[in-house]
Amino acid sequence: MALLSKEEIAHAKSLADRIVDGLNKRIFGQEQLIRMIVVACLSKGHVLLEGLPGLGKTELVKGLAGLLGLNFKRIQFTPDLLPSDITGAPILEEEQGKRRMVFKQGPIFGNLILADEINRASPRTQAAMLEAMQEQSVTVLGTTHMLPDPFWTMATQNPIDLEGTYPLPEAQLDRFLFKLLVYRVDADVMSRIISKRRRGIAPRSTTCLTQSELQNLYHTVGAIFLPEAVSEFIGRLVESTHPDSTWACPEVKGFVRYGASPRAAIGMAEAGRAHALLEGKPNVGFSDIIAVAPHILGHRIALDYKARLEGWDAQKITEKVIESMPQLDMPA
């Protein structure tokens with residue numbers, strides 16, 4: 001497979017940089033978070049954003065939809081939300097004296113879906129998202145309805161120790177490419193917000209890419225070369241999250257119940273390509289995988305009860321996994 005030319009990479013990087021710059025103008029003090037959001041966007045991967053209320057998670061997703069000119073839908077998850085409130089449902093209509101059931105689409109039928117406070121809904125309602133996130137379709141009363149293309153979900157989640165929250169099922173967590181933690185900003189950023197954003201309202205986003213430019217960007221990401229050495233590194237990295245693996249570090253053997261799925265390896269390859277493009281490179285290097293791996297592995301690792309007792313969480317375990325994995329003979 002021929003590598004992309006310098007001109008092709010430079011052009012695609014300039015398109016991706018427009019998205020990064022547009023989001024940085026809308027959301028202050030979250031540069032690293034925004035970079036990973038764009039990586040997920042270019043990978044067509046679903047994202048779970050976790051953080052306390054008021055940190056700009058919703059504004060970030062709305063801003064991305066505006067910049068890309070996509071059909072944006074917001075679903076506010078509440079304890080009384082039903083699956084049909086998401087997917088839609090057949091309703092009885094009368095036309096020319098005849099009655100028939102007609103399917104009315106729910107808010108899941110959009111390009112970019114904001115699942116706001118997803119862990120405030122019941123597990124049954126959360127499960128309504130599974131088929132949509134994996135198959136890009138929903139099935140209602142035995143009939144399958146395809147969702148638009150592109151389609152991806154960005155969900156916000158409050159920390160699970162807050163009142164009125166339900167932990168997401170492991171199968172649903174595995175559908176998210178990234179779980180990104182949203183941290184509070186410092187005093188300087190807060191001062192900038194109140195001086196530049198009256199009442200905290202961000203300016204309206206203007207579209208920065210045409211649909212053809214967005215499709216060209218996706219095509220270029222898909223053409224980024226993934227060397228065999230990096231593929232092997234990804235495979236060993238995911239395998240090493242399992243306690244029975246020969247590559248598992250002592251922390252994994254002692255504190256992990258089960259590790260990441262093959263979906264993590266697939267997502268890591270795609271996210272690595274997107275990250276390489278943002279770096280202006282025609283091929284994926286070890287540094288690209290190391291940059292995206294913590295956000296892919298952390299939410300897919302289930303810890304033993306002993307981990308919390310000894311002060312270990314998934315993020316710390318993931319850092320140990322990456323540190324203990326030797327890189328093969330290839331430049332970063």
Side-chain angles (χ1 to χ4, degrees), residues 26-27 30 33-34 36-37 40-41 45-66 70-89 104-140 147 151-185 199-202 295-296 298-303 308 313-315:
R26 185 178 181 90
I27 305 294
Q30 299 286 5
L33 172 66
I34 285 170
M36 287 298 111
I37 289 286
C41 167
H46 307 298
V47 177
L48 179 61
L49 299 169
E50 181 177 301
L52 292 169
L55 297 180
K57 302 184 295 295
T58 302
E59 282 297 326
L60 180 59
V61 181
K62 288 167 61 178
L64 180 61
L70 297 177
N71 182 11
F72 170 74
K73 298 289 183 68
R74 174 178 176 172
I75 306 172
Q76 184 65 50
F77 280 68
T78 57
D80 59 348
L81 192 72
L82 299 176
S84 59
D85 295 329
I86 297 173
T87 62
K104 291 296 184 183
Q105 296 180 351
I108 196 68
F109 286 84
N111 297 123
L112 178 54
I113 308 302
L114 170 59
D116 212 1
E117 296 187 305
I118 190 172
N119 62 333
R120 289 207 181 277
S122 68
R124 177 177 173 229
T125 301
Q126 292 170 1
M129 301 287 293
L130 280 177
E131 182 187 0
M133 294 172 66
Q134 182 62 31
E135 306 295 337
Q136 202 171 324
S137 65
V138 294
T139 301
V140 179
L147 297 173
F151 169 84
W152 73 89
T153 300
M154 292 197 179
T156 68
Q157 171 177 277
N158 294 310
I160 59 174
D161 54 343
L162 288 188
E163 186 176 352
T165 60
Y166 301 85
L168 297 184
E170 288 81 359
Q172 187 172 354
L173 281 173
D174 197 33
R175 263 67 175 187
F176 286 102
L177 172 67
F178 285 165
K179 178 182 177 182
L180 301 173
L181 300 180
V182 185
Y183 298 103
R184 63 181 178 84
V185 295
R199 300 186 180 89
I201 300 174
H295 313 299
I296 293 175
H299 61 289
R300 291 180 165 95
I301 295 176
L303 301 182
R308 176 168 290 189
D313 58 23
Q315 187 175 3

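Using a 4.5 Å heavy-atom cutoff, the side chains of L180 and I37 are in contact. Side-chain atoms of T153 and M129, non-hydrogen and from C-beta on, do get closer than 4.5 Å to each other. Residues L49 and L33 are in side-chain contact: their nearest non-hydrogen atoms beyond the backbone lie under 4.5 Å apart.
Applying the salt bridge (charged side-chain N to carboxylate O under 4.0 Å, His left out) criterion to R184, with sequence neighbours excluded, gives no partner residue. Applying the ring-ring contact (aromatic ring centres under 6.0 Å, His included) criterion to H295, with sequence neighbours excluded, gives F178. Residues passing the salt bridge (charged side-chain N to carboxylate O under 4.0 Å, His left out) test with R175, sequence neighbours excluded: none. For R26, the side-chain hydrogen bond (donor to acceptor under 3.5 Å, both in side chains) partners are E59, S205, not counting sequence neighbours. Listed by chain and residue number, V61, K62, A65, R74, L112, L114 satisfy the side chain to side chain contact (heavy atoms under 4.5 Å, CB included) test with F72 (two or more places apart in sequence, or in another chain).
Under the side-chain hydrogen bond (donor to acceptor under 3.5 Å, both in side chains) criterion, the residue pairs touching residues 79-89 are T78-D80, with sequence neighbours excluded.
Listed for the R300 side chain is a donor-acceptor partner under 3.5 Å among the backbone atoms of D174. Judged by distance alone, with hydrogens and angles left aside, the side-chain atoms of N111 form a donor-acceptor pair with the main-chain N or O of N71 at under 3.5 Å.
Atoms CG and SG, from L177 and C41 in turn, are 11.5 Å apart once rounded to the nearest 0.5 Å.
Heavy atoms only, all atoms of each residue included: L147 and S137 are closest at CD1-N, 3.8 Å. P83 approaches T125 most closely through the heavy-atom pair CD-OG1, 3.8 Å. Across every non-hydrogen atom of A132 and I108, the tightest pair is CB-CG1, 4.0 Å.
With hydrogens and angles left out, the side-chain atoms of Q157 and E117 include no donor and acceptor closer than 3.5 Å.
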